[in-house]
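In the text below, chain A, chain B and the rest are named by the order of the sequence lines, each starting its count at 1. Given the structure is predicted, the values throughout are model-derived calculations rather than measurements. Basis for what follows: all heavy atoms, side chains included, without hydrogens, waters or symmetry-related copies.
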Amino acid sequence: MDPVHSPSSIDKTRVMDVKPLRSLKPIFPYPNQGLILVQAPPSGPFPSGYTPFYPFVSPPPPPQPPVAPTPLRTPESSGVINGDVKPPVDASGGSERRKRGRPPKSSQKTNVVEKRSWRSEASIPINHNFVVPVSLAQQEDGNREVVDLIMTGYDGLRRRLCQLDDTGAISRGLAKRADLKASNMMMTTGFRTNIKRRIGAIPGVEVGDIFFFRIELCVLGIHAPSMAGIDYMNLRGESEEDFVALSIVSSGYYDDDDEDENVLIYSGQGGGPTVMDKQASDQKLVRGNLALQRSVHRGNEVRVVRGIKDGINLNTKVYMYDGLYTVQDSWMQKGKSDTNIFKYKLVRVPGQPSVYGIWKSVEKWKEGVSSPAGLVLPDLTSGTEGIPVTLVNDVDNEKGPSYFTYFPSLRYFEPYMQSSHTCKCQNSCNPGDPNCSCNQTNKGDFPYTGNSILVSRKPMLYECGPSCQCYPGCKNRVSQTGLKLRLEVFKTKDRGWGLRSWDHIRAGTFICEYAGEVIDKASLKQKLQEGGGNEYIFDTSRVLEPFRWNELGLLLKGISDDPSQDEVYNIPSPLVISAKSFGNVARFMNHCCYPNVFWQPVMYEDNNQSYLHIAFFAMRHIPPLTELTYDYGVVSNDDDINNNFRKRKCFCGSSQCRGFFGL
DNA sequence: GTGGCTTCAACCTC
DNA sequence: CGAGGTTGAAGCCA
């Protein structure tokens, strides 16, 4: 089933090239809404007279299409919106190249316009009913929730574009540079924040936040240039220049000295090793170099982003926001090719949390050069997992959690349900293979990207299982291949033991499954009545606050006919797991009302029987040593078990805290 | 408002 | 796997 090519789906959403969004204004459900400038968190409360945007409150009335759409669908016309010349839309979904529909050359003003409207050679399906949930005020100045929403939305959209490309749902290669496609759609629809250029901290961005693409810094207003290393402004009144440096990115392209966690020797731009400047020349005191020079005397705060080689995926880079620095000194020195290079000494403003320092410490722990403070056990799994799980307590004298047997998977005493679809793929299942039955059960959308990142939540995720004929290395076996991250069980200050990771974690990364013994409701009731047995229980019948992880999946035409159901779990019968006596690291993950991890039901088959598993994935990018938490949910009222046993006061401390959670 | 220019990307190929 | 080529996009500036 291919939603892009299905004629019946076309009247719901229109198909258009992604590029024309460039000309669209931000989309608001009510005509004057975007003009009201208010400062309010996305969940409210809102000032009177201001109607917040869906999805933070109840949905608006059915929104009107934001632009007159009909010309876009006419194959013969060139499709004109807002005066801009657009390529016509390929209603067949983009499989056909747009040669015949190319606008006449005379209508092109310049070569650049020609190039732009012509560049994308196929179509990405856009849902025009999507309402951008970021107010104009929030586009100007962010806060933590807006930043999280945009970050999560950005990466979800990017993953979905990768998935469409992998599965062949859109023309091959259309989603290359999915990072830029996603950012382009967000920048043009107003799904961005901190547009206002500013000196110093960015509202909603915290020291230690991590990113995986330079363009993310742009979408969040941390660092405006898409490539350049120095962001600066000219504060001039009339004609005289008054430069000030705003932020810099140090990612190893030039010969910076980044050994010290509080001092960074940064190189100026130009002249040297860039591809564009083939012949080396002296750097000039212009643009970013001039701005940094001026900031030496001005003494203003400059944001610093450190680009670090990703130790997990060696061909990617992690960008870490390292907080505020001041430029204390500058000089000129000879570079490798004997040309003049500017150098700037940036010193970290005191009182900010150590993050780059932590990063470097963790690397030493992993190399075995040093150990974390309060190390109790180097591996609490005693080799059961393929990778050690460290036990650390630098809070008090407790020597470890109460006794349990480390068990890495789920212990079923009877099959979860009958089933009989297994794949017959050779080697590995292919995202674009319509004959793979595991692909079919996932409705044609391969659940993971090429580097094993979950694309979106699903009512049920089907992985290949022991009965499938593909190899164990098949890309559709992510949650069953054990721990990949370097995890640590540690003593928290006020919530017992917790779980965190030495490695940074990218959004959508599999963390662990909930291991333990599958029990029935009667056993659970008995355990509760015995008292004290209500810890280390995972119960799918606890009620979760609905949330959208892949918010911007809605911007693209949905996987199902009703995208609002995409992320609602469909669990045939409740699953209760006890990790009291047998369990893995998941039993240590604490509850939080504003969590960074979620669970996803995963089913796979063995010998004509299906087994349900609970897999945990990162909701956001998670910096090293950040506690991993998920929402335990609350016990439903119709549960026949005494609710009081199953309610516990919450200490998560987040602004969204409900005050209690379920057990 | 526009197009040229610059630029510590990201990806792909060889 | 590294070098090098290709495609890119934001924002300053003329």
Side-chain angles (χ1 to χ4, degrees), chain A residues 18-19 21-23 82-84 108-116 118-121 158 161-162 165 172-188 192 194-197 211-236 239 241-258 264-278 281 283-284 286-292 304-310 313-320 335 341-344 346 450-451:
Chain A
V18 60
K19 284 297 173 186
L21 272 178
R22 184 180 290 282
S23 65
N82 295 349
D84 280 6
Q108 299 293 337
K109 280 180 248 170
T110 69
N111 287 337
V112 175
V113 171
E114 156 105 353
K115 195 177 163 194
R116 277 191 181 166
W118 181 226
R119 197 153 45 196
S120 300
E121 301 203 344
R158 189 193 58 77
L161 288 168
C162 289
D165 194 38
R172 188 79 207 167
L174 178 61
K176 80 177 175 186
R177 295 306 305 266
D179 59 321
L180 296 183
K181 286 283 191 311
S183 69
N184 178 274
M185 292 167 81
M186 295 180 72
M187 301 286 273
T188 49
R192 57 184 298 193
N194 295 311
I195 291 174
K196 195 200 293 172
R197 314 291 301 283
F211 312 94
F212 289 81
F213 294 92
R214 266 292 297 269
I215 206 77
E216 292 179 78
L217 305 173
C218 202
V219 174
L220 295 177
I222 300 168
H223 186 84
S226 55
M227 289 177 65
I230 307 167
D231 192 9
Y232 66 99
M233 260 171 88
N234 193 345
L235 303 171
R236 69 167 178 272
S239 57
E241 56 87 1
D242 184 12
F243 278 30
V244 56
L246 302 179
S247 58
I248 56 118
V249 177
S250 170
S251 57
Y253 198 75
Y254 289 81
D255 200 14
D256 300 339
D257 182 350
D258 58 0
L264 173 66
I265 308 298
Y266 190 76
S267 307
Q269 61 191 188
T274 65
V275 180
M276 304 83 192
D277 282 330
K278 280 257 166 72
S281 59
Q283 290 188 344
K284 298 187 187 70
V286 291
R287 290 184 285 275
N289 297 346
L290 183 56
L292 278 170
V304 168
V305 175
R306 304 218 190 210
I308 309 163
K309 234 188 188 122
D310 185 338
N313 293 309
L314 286 169
N315 46 358
T316 63
K317 225 180 260 182
V318 187
Y319 297 96
M320 188 190 63
I341 307 282
F342 289 107
K343 292 283 178 179
Y344 300 93
L346 290 105
N451 49 0

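- A:Ser251 has a side-chain polar atom (N or O) that falls below the 4.0 Å cut-off from OP1 or OP2 of B:dA9.
- Here the nucleotide nearest the side chain of A:Arg177, chosen from B:dA9, C:dA10, B:dC8, is B:dA9.
- Ranking B:dA9, C:dC13, B:dT6 by closeness to the A:Arg287 side chain, first place goes to B:dT6.
- Following rounding to the nearest Å, A:Gln269 (CD) and C:dC12 (P) show an atom-to-atom distance of 13 Å.
- In this structure, A:Leu314 and A:Pro225 both approach DNA chain C, and ranking their closest nucleotides by distance from the 5' end singles out A:Leu314.
- For A:Lys196, the salt bridge (Lys or Arg N to Asp or Glu O under 4.0 Å) test picks out A:Asp141, with sequence neighbours left out.
- Pairing analysis of DNA chain C (Watson-Crick: purine N1 to pyrimidine N3 plus N6-O4 or O6-N4; G-U wobble: N1-O2 and O6-N3; both under 3.5 Å) yields stems of 3 or more pairs at B:2-7 with C:9-14, B:9-14 with C:2-7.
- When rounded to the nearest whole Å, the span between CG of A:Leu217 and C1' of B:dA10 equals 14 Å.
- Scanning for side chain to side chain donor-acceptor pair (under 3.5 Å) contacts around A:Asp257 gives an empty result, with sequence neighbours left out.
- One can place CE of A:Met227 at 13 Å from C1' of C:dG11, the figure rounded to the nearest angstrom.
- Spacing between atom CG of A:Leu246 and atom P of C:dA10 amounts to 17 Å, rounded to whole angstrom units.
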Sequence neighbours left out, cut at 3.5 Å: what donor-acceptor pairs do the side chains of residues 212-230 of chain A make with other protein atoms?
residue: A:Arg214; atom: NH1; partner: A:Met227; partner atom: O; Å: 3.0
residue: A:Arg214; atom: NH2; partner: A:His223; partner atom: NE2; Å: 3.4
residue: A:Arg214; atom: NH2; partner: A:Pro225; partner atom: O; Å: 3.1
residue: A:Arg214; atom: NH2; partner: A:Met227; partner atom: O; Å: 3.2
residue: A:Arg214; atom: NH2; partner: A:Ala228; partner atom: O; Å: 2.5
residue: A:Glu216; atom: OE2; partner: A:Phe212; partner atom: N; Å: 2.7
residue: A:Glu216; atom: OE2; partner: A:Phe213; partner atom: N; Å: 2.8
residue: A:His223; atom: ND1; partner: A:Ser247; partner atom: OG; Å: 2.7
residue: A:His223; atom: NE2; partner: A:Ala228; partner atom: O; Å: 3.0

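- By the side-chain contact (heavy atoms from CB on, under 4.5 Å) test, A:Ser267 is found to be paired with A:Tyr254, A:Asp256, A:Ile341, A:Lys343, residues two or more places apart in sequence or in another chain being considered.
- For the pair A:Arg158 CZ and B:dA9 P, the interatomic distance rounds to 17 Å; values are reported in whole Å.
- Nearest-nucleotide assignment on DNA chain C puts the 5′-proximal partner with A:Lys309, out of A:Lys309 and A:Phe243.
- With distances taken from any side-chain atom of A:Ala224 to the nucleotides B:dT7, B:dC8, C:dA10, the minimum falls on C:dA10.
- At whole-Å resolution of the value, CD1 in A:Ile341 and C1' in B:dC8 are 12 Å apart.
- Heavy-atom minimum distance, A:Leu161 versus A:Lys181: CD1-CB, 3.7 Å.
- For the pair A:Tyr253 and B:dT7, the ring geometry does not qualify as stacking, because the centroid separation below 5.5 Å and plane angle under 30° are not jointly satisfied.
- Scanning all heavy atoms of the two residues, the minimum distance from A:Met233 to A:Leu235 falls at CE-CD2, 3.7 Å.
- Comparing A:Asn315 and A:Asp256 along DNA chain B, the residue whose closest nucleotide (by nearest heavy atom) sits nearer the 5' end is A:Asp256.
- Atom CZ in A:Phe213 sits about 14 Å away from atom P in C:dA9, given to the nearest Å.
- Contacts of A:Tyr232 classified as side-chain contact (heavy atoms from CB on, under 4.5 Å), with partners at least two apart in sequence or in another chain: A:Phe243, A:Arg287, A:Ala291.
- Taking A:Arg306 as the reference, A:Asp322 meet the salt bridge (Lys or Arg N to Asp or Glu O under 4.0 Å) condition, with sequence neighbours excluded.
- Of the side-chain N and O atoms in A:Tyr319, one or more sit less than 4.0 angstrom from OP1 or OP2 of B:dA9.
- Protein atom CE of A:Met233 is 8 Å distant from nucleotide atom P of C:dC12, rounded to whole Å.
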Using a cutoff of under 3.5 Å, can you pull out all pairs of nitrogen or oxygen atoms linking the protein to nucleotides 12-14 of chain B, with atom names and distances?
none

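- Among residues two or more places apart in sequence or in another chain, the salt bridge (Lys or Arg N to Asp or Glu O under 4.0 Å) test is passed with A:Asp258 by none.
- Taking only side-chain nitrogens and oxygens, A:Arg197 comes nearer than 4.0 Å to OP1 or OP2 of C:dC12.
- In this structure, the side chains of A:Met186 and A:Arg192 stay at 4.5 Å or more apart for every pair of heavy atoms.
- Among the protein residues, A:Thr316 comes within range of no part of the nucleic acid, since none of its heavy atoms lies under 4.0 Å from any strand.
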